[in-house]
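Quick note: numbers below take in every heavy atom, side chains included, and nothing from hydrogens, waters or symmetry partners.
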Amino acid sequence: MVFFAYRFCIHLALLLLAPFMRFHTRLKELNEGWRESKKALRAFEADPSRPLWWFHCASLGEFEQAVPVMEALREEKPDVRIAVSFFSPSGYRARKHTPLADLVFYLPPDTAANNRLVLDQLKPAAVVWVKYEFWFGYVRAFRKKEIPSFLLAATFREGHFLSKFPGKALFTEVAAFSHIFTQDEPSAERFKTCGATRVSCTGDTRFDRVATTRLKVERIPAAEAFRQEELLVIAGSSWPEEEALIAAFIKEHGLCGAKWLIVPHKVDAGHVDEICNRFALWGVARWSDYTPGDPGIHVLVVDSIGLLASLYQYGHVAVIGGAYGNTGLHNILEAAVFGLPIICGPHTGKFWEAGAGREAGFVFQPADESAFIETLHQLIIQEELRRQSADAAARFCEQRRGATVKALEMMRAVVIA
């Protein structure tokens, strides 16, 4: 009964949203994406001689968690085909041309007709759902067609809607995954308590992802010329909340002999202009206009995407965005793998790595402006504190590698093709 109510809600939502699909920017983009993806799916031809693995990711973060598995799969089986689907337009835009995939598409709404379309066209040898995307119609379709299906890097928090009425009635669909791989033991235990039997705690594949990034990172001459021999503070995926806190710090303590690299989450012209105006008193430039080596520039605003993970190699302290507002903490592991102490906001309840990093000694979560200024000042002036935090961050990441190998080995035991 609950499953049919779920199906009804899907159709009702599509009906109610239909009038807005032409005018609302995000909905229009999503609707056009669905339409184009259905065309691409119908044109896609399965090849029986080349088995296909389908990975579904909600957005960019989940895609990054799937990358190590896709890369390992490609290395092991060069002829394997990979399809990647997204729910989020931002994830699709960022990775629609990824060389890892033979097909990238928006996942069409979870209706019976779309379930048939996707599976009939892809004919997947295996399906990998990443983290916590529970589209129950698709999951039921995998089971009925006896397609090996896996939930990768899963998290299952206390009080999750699937653990109590009425959501618990849908848990049988989740329990039907061929195997569930969790990031942590508490999640694994909660899955088991609710009735899933094929569950293993293999860890978080993001640690393998950032380890690879660190090993393959390339030099960025402009960043080297900007930093020179000075201490560099990097604001990674910053929002106005973090940018305002950094400006308040500089207003109180000055530049402290440091360089400041602001890498905002949104790089539209309006936001970049706001940042430049905020830091205008201290010598600011846009990355796109920067003349390497200009001694008058102390604050550099990166107005392009795709550089942040590599820029962390030059940093000494990172301020990670998202947790002083309500947008959600951005990836701290990209900075931690390079041994950077990390400051972030207190709103990190859904991000276990923040709490674990705090216990390990490299994540600092000052609650307000005064505490932020004091914490950042201590990390700048106390070299020993920075060194100890840096060592803790690097050790934290190194100790948690290996989730990809564990998960893929267990997947191979299930997938024949």
Side-chain angles (χ1 to χ4, degrees), residues 33-60 62-87 91-108 110 112-131 133 135 137-153 176-181 198 202 205 208-209 212 216 403-417:
W34 287 338
R35 187 162 51 245
E36 292 302 314
S37 289
K38 287 181 181 180
K39 290 180 182 178
L41 283 164
R42 291 187 180 102
F44 187 78
E45 295 183 3
D47 182 351
S49 68
R50 297 183 62 196
L52 180 141
W53 285 52
W54 169 23
F55 291 79
H56 174 66
C57 315
S59 190
L60 187 57
E62 288 76 19
F63 175 81
E64 294 299 322
Q65 289 181 300
V67 165
V69 177
M70 289 189 280
E71 288 179 336
L73 190 60
R74 285 279 195 204
E75 185 175 347
E76 180 184 299
K77 297 183 176 183
D79 291 334
V80 74
R81 302 177 88 187
I82 291 176
V84 176
S85 60
F86 287 98
F87 174 73
Y92 175 81
R93 284 196 305 268
R95 293 295 181 265
K96 62 182 177 180
H97 299 303
T98 176
L100 281 172
D102 298 273
L103 176 69
V104 180
F105 63 99
Y106 280 113
L107 185 68
D110 194 9
N114 288 334
N115 298 161
R116 288 193 298 271
L117 170 66
V118 176
L119 294 180
D120 287 350
Q121 293 304 117
L122 295 182
K123 295 181 172 58
V127 177
V128 181
W129 238 237
V130 183
K131 198 170 182 179
E133 277 285 273
W135 295 99
Y138 281 104
V139 175
R140 175 174 284 195
F142 306 153
R143 173 168 55 82
K144 287 186 175 181
K145 287 183 173 288
E146 299 184 339
I147 300 170
S149 59
F150 307 97
L151 187 59
L152 178 69
F177 275 106
S178 302
H179 210 97
I180 296 172
F181 304 102
R198 298 178 295 274
T202 49
T205 54
D208 299 321
R209 175 63 167 154
T212 300
K216 296 182 178 180
T404 299
V405 172
K406 294 175 185 176
L408 192 54
E409 182 177 338
M410 298 177 76
M411 290 179 189
R412 285 198 302 263
V414 176
V415 182
I416 298 174

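- The structure places CZ of Phe105 at 10.5 Å from CZ of Phe86, a figure rounded to the nearest 0.5 Å.
- Two residues are said to be in side-chain contact when any heavy atoms from C-beta on lie closer than 4.5 Å; Tyr138 and His56 fail this criterion.
- Checked against Trp54 for a side-chain contact (heavy atoms from CB on, under 4.5 Å), the options Ile147, Val84, Leu103, Leu119 give a single hit: Leu119.
- Atoms CZ and OG, on Phe177 and Ser149 in that order, are 5.5 Å from each other to the nearest 0.5 Å.
- A distance of 10.5 Å separates OG1 in Thr404 from CE in Met70, rounded to the nearest 0.5 Å.
- Considering every non-hydrogen atom in both Arg42 and Gln121, the closest pair reads O-NE2, 3.3 Å.
- The heavy-atom pair separating Pro148 from Ala125 by the smallest distance is CD-O, 3.3 Å.
- Contact check for Phe44 versus Leu52: side-chain heavy atoms found under the 4.5 Å cut-off.
- Using modelled atom types, one side-chain atom of Arg198 and one backbone atom of Ser178 make a donor-acceptor pair closer than 3.5 Å.
- Legend: salt bridge (Lys or Arg N to Asp or Glu O under 4.0 Å) pairs involving residues 115-129, not counting sequence neighbours, sorted by first then second residue: Asp120-Lys145.
- Side-chain contact check for Met411 versus Leu73: every heavy-atom pair is 4.5 Å or farther apart.
- Between Asn115 and Ala141, the shortest heavy-atom distance links the atoms CB-CB, 4.2 Å.
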Checklist entry - Should Arg81 and Leu122 be marked as a side-chain contact (heavy atoms from CB on, under 4.5 Å) after you check the CA-CA gap, both sets of side-chain angles, and the distance that decides it? => result CA-CA 10 Å; Arg81 302 177 88 187; Leu122 295 182; over 6 Å; no
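- In this structure, the side chain of Ser37 engages the main chain of Tyr106 through a donor-acceptor pair within 3.5 Å.
- Atom-to-atom distance recorded for Glu64:CD and Cys57:SG is 9.0 Å, nearest 0.5 angstrom.
- Using a distance-only test at 3.5 Å, with no hydrogens or angles considered, no donor-acceptor pair links the side chain of Arg209 to the main chain of Pro68.
- The heavy-atom pair separating Leu152 from Gln65 by the smallest distance is CD2-O, 4.2 Å.
- Here Thr205 contributes atom OG1 and Glu62 contributes atom CD; the two are 10.5 Å apart, rounded to the nearest 0.5 Å.
- Remark: Glu45 CD is loosely packed, at most 12 non-hydrogen atoms of other residues, nucleotides or ligands lying under 6.0 Å away.
- Between the side chain of Thr202 and the backbone N or O of Ala403 there is no donor-acceptor pair closer than 3.5 Å.
- Electrostatic pairing of Arg74 and Glu71 does not count as a salt bridge here, judged by no charged N lying under 4.0 Å from a carboxylate O.
- The residue from Phe55, Trp135, Phe142 that alone fulfils the ring pair (Phe, Tyr, Trp, His ring centres under 6.0 Å) condition with Trp129 is Phe142.
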Checklist entry - Do Phe63 and Thr98 pass the side-chain contact (heavy atoms from CB on, under 4.5 Å) test, and can you show the C-alpha distance, the side-chain angles, and the key distance before you say yes or no? => result CA-CA 11 Å; Phe63 175 81; Thr98 176; 3.8 Å; yes
